[in-house]
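The chains referred to below are lettered A, B, ... by the order of the sequence lines, with proteins before strands, and numbering in each begins at 1.
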There are 2 protein chains.
Amino acid sequence: MVEDVLGLLRAGGGRVTTARRQLLEALFASPGHRTAEELAAEVQARAPDIHLSTIYRNLDELERLGVIVHTHLGHGPAAYHLATSAHGHLVCERCGLTLEAPQELFRSLSRVAENRFGFQIDPRHFAVLGRCSACSR
Amino acid sequence: MVEDVLGLLRAGGGRVTTARRQLLEALFASPGHRTAEELAAEVQARAPDIHLSTIYRNLDELERLGVIVHTHLGHGPAAYHLATSAHGHLVCERCGLTLEAPQELFRSLSRVAENRFGFQIDPRHFAVLGRCSACSR
DNA sequence: GTGCTTGCAAACGTTTTGCAGACTC
DNA sequence: GAGTCTGCAAAACGTTTGCAAGCAC
């Protein structure tokens with residue numbers, strides 16, 4: 001899977017570098033959301049010289065290729081994850097609890113937005129904020 | 001309406017200052033979304049010495065009082081508006097078009113999130129991104 | 001006069017950029 | 001060797017903060 005993406009990069013005239021291989025390995029190693037900083041830390045555990053700005057540049061590139069997506073879960077840094085595990089998020093504004101919401105949760109919003117406004121929603125890019133069950137009491 | 005809020009401030013031990021009066025006047029003058037910077041520009045047209053940081057501090061204060069809310073319409077600065085005109089937003093990731101979405105659009109998402117996760121959504125705080133009808137063709 | 005509020009400058013956290021050298025192909 | 005990618009340092013961006021002076025009450 002890492003190799004597939006590297007092939008994709010090469011196919012577009014890109015080079016295969018340590019930074020890219022390590023970043024992809026980190027991304028594929030765990031399905032969770034991680035910030036650029038967290039990914040940098042994981043990559044740097046194996047290749048200490050890889051700079052945070054390189055991580056950002058490669059995350060951009062991977063996003064352009066459609067391999068990953070980033071999401072905003074609230075104020076603060078963006079979270080990155082593989083595009084294949086796409087889903088929305090419910091984030092508690094009070095305690096920060098983050099729930100993954102299957103696409104299907106947004107189906108009816110999706111339908112109404114389409115009918116009323118011709119608007120195709122992408123529920124992945126920004127989280128839906130609110131109060132979790134514990135905090136809404 | 002401006003005076004009502006000033007009264008509210010005073011009731012909580014706060015002071016009524018030029019900065020606050022001007023900021024409220026700007027907020028009430030138009031129902032649109034404006035960034036802190038835009039509001040500062042409007043205020044400074046009348047009272048040039050009022051500093052951006054004062055705008056931020058007062059926006060915080062007004063938000064704490066429930067008079068205004070802020071929303072994130074995408075990357076970039078937050079947008080502020082009166083709490084009375086609360087609504088969600090649909091923002092096109094491609095052209096930036098911003099549609100105001102009545103609360104009612106989110107009713108069914110709201111219901112499902114509540115039933116499935118005990119989660120009370122607040123569709124106002126973050127916009128729902130996607131593609132507008134022109135850009136999705 | 002008490003103490004909330006302000007202007008200013010400086011810091012913040014996240015992300016982007018310019019550049020010269022290093023590496024992949 | 002051509003051209004992409006990297007590390008580094010510095011800047012950009014929106015926002016927050018510490019402080020001493022200023023103003024509302």
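Looking at heavy-atom distances under 4.0 Å, A:Ser53 makes contact with a base.
The side chain of A:Arg15 has D:dG3 as its nearest neighbour among D:dG3, C:dT6, C:dT15. Of the candidate nucleotides D:dC5, C:dT15, D:dC19, C:dT15 has the atom nearest to the side chain of A:Ala78. Which of D:dC25, C:dT15, D:dT16 sits closest to the side chain of B:Arg10 comes down to D:dC25. Of the listed nucleotides (C:dT6, D:dG14, D:dT16), D:dG14 has the atom at the smallest distance from the side chain of B:Glu37. Counting only heavy atoms from C-beta on, A:Arg57 has its side chain closest to D:dT6 among D:dG14, D:dT6, C:dT15. Closest contact between the side chain of A:Thr17 and the listed nucleotides D:dT15, C:dT6, D:dC5 involves D:dC5. Closest to the side chain of B:His51, out of C:dT6, C:dC8, D:dT6, is C:dC8.
With rounding to the nearest 0.5 angstrom, the CD atom of A:Glu63 is 12.5 Å from the CG atom of A:Asn58. Rounding to the nearest 0.5 angstrom, the gap separating the CZ atom in A:Arg21 from the CD atom in A:Glu3 is 5.0 Å.
Between B:His33 and B:His89, the two ring planes are perpendicular [angle over 60°; tilted spans 30° to 60°]. The aromatic rings of A:His70 and A:His125 lie perpendicular to each other, with more than 60° between the two planes, well past the 30° mark.
If you take CG of A:Asp60 and P of D:dC5, they are 13 Å apart, rounded to a whole angstrom. At whole-Å resolution of the value, NE2 in B:His70 and P in D:dT15 are 8 Å apart. Regarding B:Tyr56, its OH atom lies at a distance of 18 Å from the P atom of C:dA9, rounded to whole Å. We find that CZ of A:Arg21 is positioned 16 Å from P of C:dC23, with the value rounded to whole Å. If you measure from atom CG of B:Asn58 to atom C1' of C:dC4, you get 11 Å, rounded to the nearest angstrom. Atom pair A:His72:NE2 and C:dT14:P shows a separation of 13 Å (rounding to whole Å applied). We find that CD1 of A:Ile50 is positioned 6 Å from P of D:dG7, with the value rounded to whole Å. As a whole-Å value, the separation of A:Arg20 CZ from C:dT24 C1' is 10 Å.
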**Q.** Derivation of the salt bridge (charged side-chain N to carboxylate O under 4.0 Å, His left out) call for A:Arg64 and A:Glu61
**A.** CA-CA 5 Å; A:Arg64 224 172 301 132; A:Glu61 183 66 28; 2.9 Å; yes
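Between B:Gly76 and A:Ala47, the residue anchored closer to the 5' end of DNA chain D is A:Ala47, taking for each the nucleotide with the nearest heavy atom. Mapping B:Ile55 and B:Gly13 onto DNA chain C by nearest heavy atom places B:Gly13 at the nucleotide closer to the 5' end.
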